[in-house]
Colleague: 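So that we are looking at the same thing, I have put the structure below in structure tokens.
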Protein chains: 2
Amino acid sequence: MPTPSHTSIEEIVETGRRLIESGGIDGLTMQKVASAVGVRAPSLYKHVQSRGALIRLIIEDVATDLGRSLEEAVLGDDPGGDLVRLATVFRDFARSHPESYGLMFAPIPEEWRPATTLLMEATGPMLRTVEAMVDPENALEAARLVTAWAHGFVSMELVGAFRLGGDLEDAFQFGIERLVEALG
Amino acid sequence: MPTPSHTSIEEIVETGRRLIESGGIDGLTMQKVASAVGVRAPSLYKHVQSRGALIRLIIEDVATDLGRSLEEAVLGDDPGGDLVRLATVFRDFARSHPESYGLMFAPIPEEWRPATTLLMEATGPMLRTVEAMVDPENALEAARLVTAWAHGFVSMELVGAFRLGGDLEDAFQFGIERLVEALG
DNA sequence: ACCTGAACACCGTTCAAGT
DNA sequence: ACCTGAACACCGTTCAAGT
């Protein structure tokens, strides 16, 4: 006799994302997800293939959100100003979702990795803005310069690698201003 | 009756590092370390406080090696040339120790994180080289720009986040050249 | 068609008992 | 003083049995 599902893939992903944000990747156990959505751990496997597949779905969800936030930052009038806004939104996103952002480019098992397509879509607004600033043949390289810097900065900030004193806001401003200059 | 130790902290760290390099962080289990050094898992706790503490020691070992490699890249005659060499050595190091490099700035539990002192010592050659290129009041910000870019680039490269085509060597050269220009 | 308890193969870690 | 087996509390995952 068919029995209706007590949960859904959406609820499972959302719950898992919350668990990661509050307790890091080790805080995501199938048992905790299960009890949070009101079933037992084995039932989760009706909705998701494995813990790794769930983690991948969560990271892809985060990447999609980041992409949306970045798209909103692009006004389209002034590429230099857009790039500053993009960098700021990028950093703010990372700081407000530190654990899940951290997983997006982290060295994790292949099975957990988000689809590269989604990562590229997420950083798409950066590429399009940079394309408006430099020669077409340098656009990809220039976008990679900005994206690498932005990710490197926020990931080092999140793990506390910048502790020589100094103001991190100043360092971030210094960085984005020099990059805009270098590309403008 | 005293019995001599069958292993040592150095051997344990070295073995653990090899396990991480060949199988990622999940490849480092206390049981595998133990059997590789010829004891049973419980004996490891005579030499190391916990798995997390062992991971921290391994990352610190890697950071020390990276610092040494970077120091050798600094010739001291031409800061711009030194910076290009530093960036190249940084990237080469990451690519030849992908798994353990990846852990150095990864979002891992607090207990596993390397001492910040060691991270700063590792990136010290970058700071000192940049200090020879810019105004003293901008040195820290400028060093953070270069370090963030270098780490961001290689960590994204290692996880395969750059897949829009294009040549990664070109992108790396483009990046370091623009940065040297921007600071010079 | 989904949920469950029981079971399996792993973990990290503790601890009393050996030598 | 270090090593060991046994045990404990957890994991992720499978599967036969329930409804």
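Each chain gets a letter, A, B and so on, in the order its sequence line appears, and its residues count up from 1.
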Colleague: Out of A:His6, A:Glu11, A:Glu14, which residue meets the side chain to side chain contact (heavy atoms under 4.5 Å, CB included) rule with A:Val37?
Modeller: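 Of the listed residues A:His6, A:Glu11, A:Glu14, the side chain to side chain contact (heavy atoms under 4.5 Å, CB included) partner of A:Val37 is A:Glu11.
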Colleague: Now, which nucleotide makes the Watson-Crick or G-U wobble pair with D:dC3, with each of the two distances under 3.5 Å?
Modeller: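 D:dC3 is paired with nothing.
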Colleague: Could you let me know what D:dC8 is paired to, Watson-Crick or G-U wobble, both distances under 3.5 Å, or none if it's on its own?
Modeller: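 Here D:dC8 is engaged in a pair, and the nucleotide opposite it is C:dG12.
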Colleague: Whole-Å distance between D:dA1 P and B:Ile9 CD1?
Modeller: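 Rounded to whole Å, this separation is 18 Å.
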Colleague: Does a nitrogen or oxygen in the side chain of B:Ser43 sit under 4.0 Å from OP1 or OP2 of D:dT4?
Modeller: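 Answer is yes, contact under 4.0 Å.
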Colleague: Would you indicate which nucleotide in D:dG12, C:dC2, D:dC3 comes nearest to any side-chain atom of A:Arg51?
Modeller: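 Among the listed nucleotides, the one closest to the side chain of A:Arg51 is D:dG12.
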Colleague: Could you tell me whether A:Asp65 and A:Arg17 have a side-chain N and a carboxylate O separated by less than 4.0 Å?
Modeller: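 Salt bridge: yes.
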Colleague: Ignoring the backbone of B:Thr3, work out which of D:dG12, D:dC2, D:dT4 is nearest its side chain.
Modeller: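 Of the options given, the side chain of B:Thr3 lies nearest D:dC2.
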Colleague: Just how far, in rounded Å, is P of D:dG12 from CE of A:Met30?
Modeller: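 Atom-to-atom, A:Met30 to D:dG12, this comes out as 7 Å.
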Colleague: Please state how far atom CG in A:Leu44 lies from atom P in D:dT14, giving the value in whole angstrom units.
Modeller: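 Going from CG in A:Leu44 over to P in D:dT14 covers 13 Å.
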Colleague: So does B:Glu141 pair up with A:Arg178, basic N to acidic O under 4.0 Å?
Modeller: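 Salt bridge absent between B:Glu141 and A:Arg178.
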Colleague: Does C:dC3 have OP1 or OP2 under 4.0 Å away from a side-chain N or O of A:Arg40?
Modeller: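 A:Arg40 to C:dC3 OP1/OP2: no side-chain N or O under 4.0 Å.
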Colleague: Give a yes/no answer on whether the side chain of B:Ser5 brings an N or O atom under 4.0 Å of OP1 or OP2 in D:dC2.
Modeller: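 The answer is no; no side-chain N or O of B:Ser5 sits under 4.0 Å from OP1 or OP2.
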Colleague: Once you apply the 3.5 Å cut-off to both distances, tell me the Watson-Crick or G-U wobble partner of C:dA17, or none.
Modeller: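 The base-pairing partner of C:dA17, which may sit in any strand shown, does not exist here.
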Colleague: Tell me: CD of B:Gln31 to P of D:dT4, nearest whole Å?
Modeller: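 Atom-to-atom, B:Gln31 to D:dT4, this comes out as 13 Å.
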Colleague: Could you check how far CD1 of A:Ile12 sits from C1' of D:dG12, rounded to whole Å?
Modeller: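 Whole-Å distance recorded here is 15 Å.
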Colleague: Between P on C:dC10 and CG on B:Asp26, what's the gap in Å once rounded to a whole number?
Modeller: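 Nearest whole value for this atom pair: 15 Å.
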Colleague: Please say whether the positively charged group of B:Arg144, taken as NZ for Lys or CZ for Arg, lies over the ring of A:Phe174, i.e. under 6.0 angstrom from the six-membered ring centre and within 45 degrees of the axis.
Modeller: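 Checked: cation-pi criterion not met.
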Colleague: Let me spell it out: for each of A:Pro42 and A:Lys32, pick the nucleotide of DNA chain D with the closest heavy atom. Which residue's pick is nearer the 5' end?
Modeller: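 So the residue in question is A:Lys32.
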Colleague: A:Gln49 has an atom CD; how far is it from atom P of D:dG12, in whole Å?
Modeller: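 Roughly 16 Å, once rounded to whole Å.
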Colleague: Of B:Ile55, B:Leu57, B:Leu103, which is the lone residue that meets side chain to side chain contact (heavy atoms under 4.5 Å, CB included) with B:Trp112?
Modeller: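 Only one of B:Ile55, B:Leu57, B:Leu103 forms a side chain to side chain contact (heavy atoms under 4.5 Å, CB included) with B:Trp112, namely B:Ile55.
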Colleague: May I have the distance from B:Tyr45 (atom OH) to C:dT14 (atom C1'), rounded to whole angstrom?
Modeller: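 Result: 9 Å.
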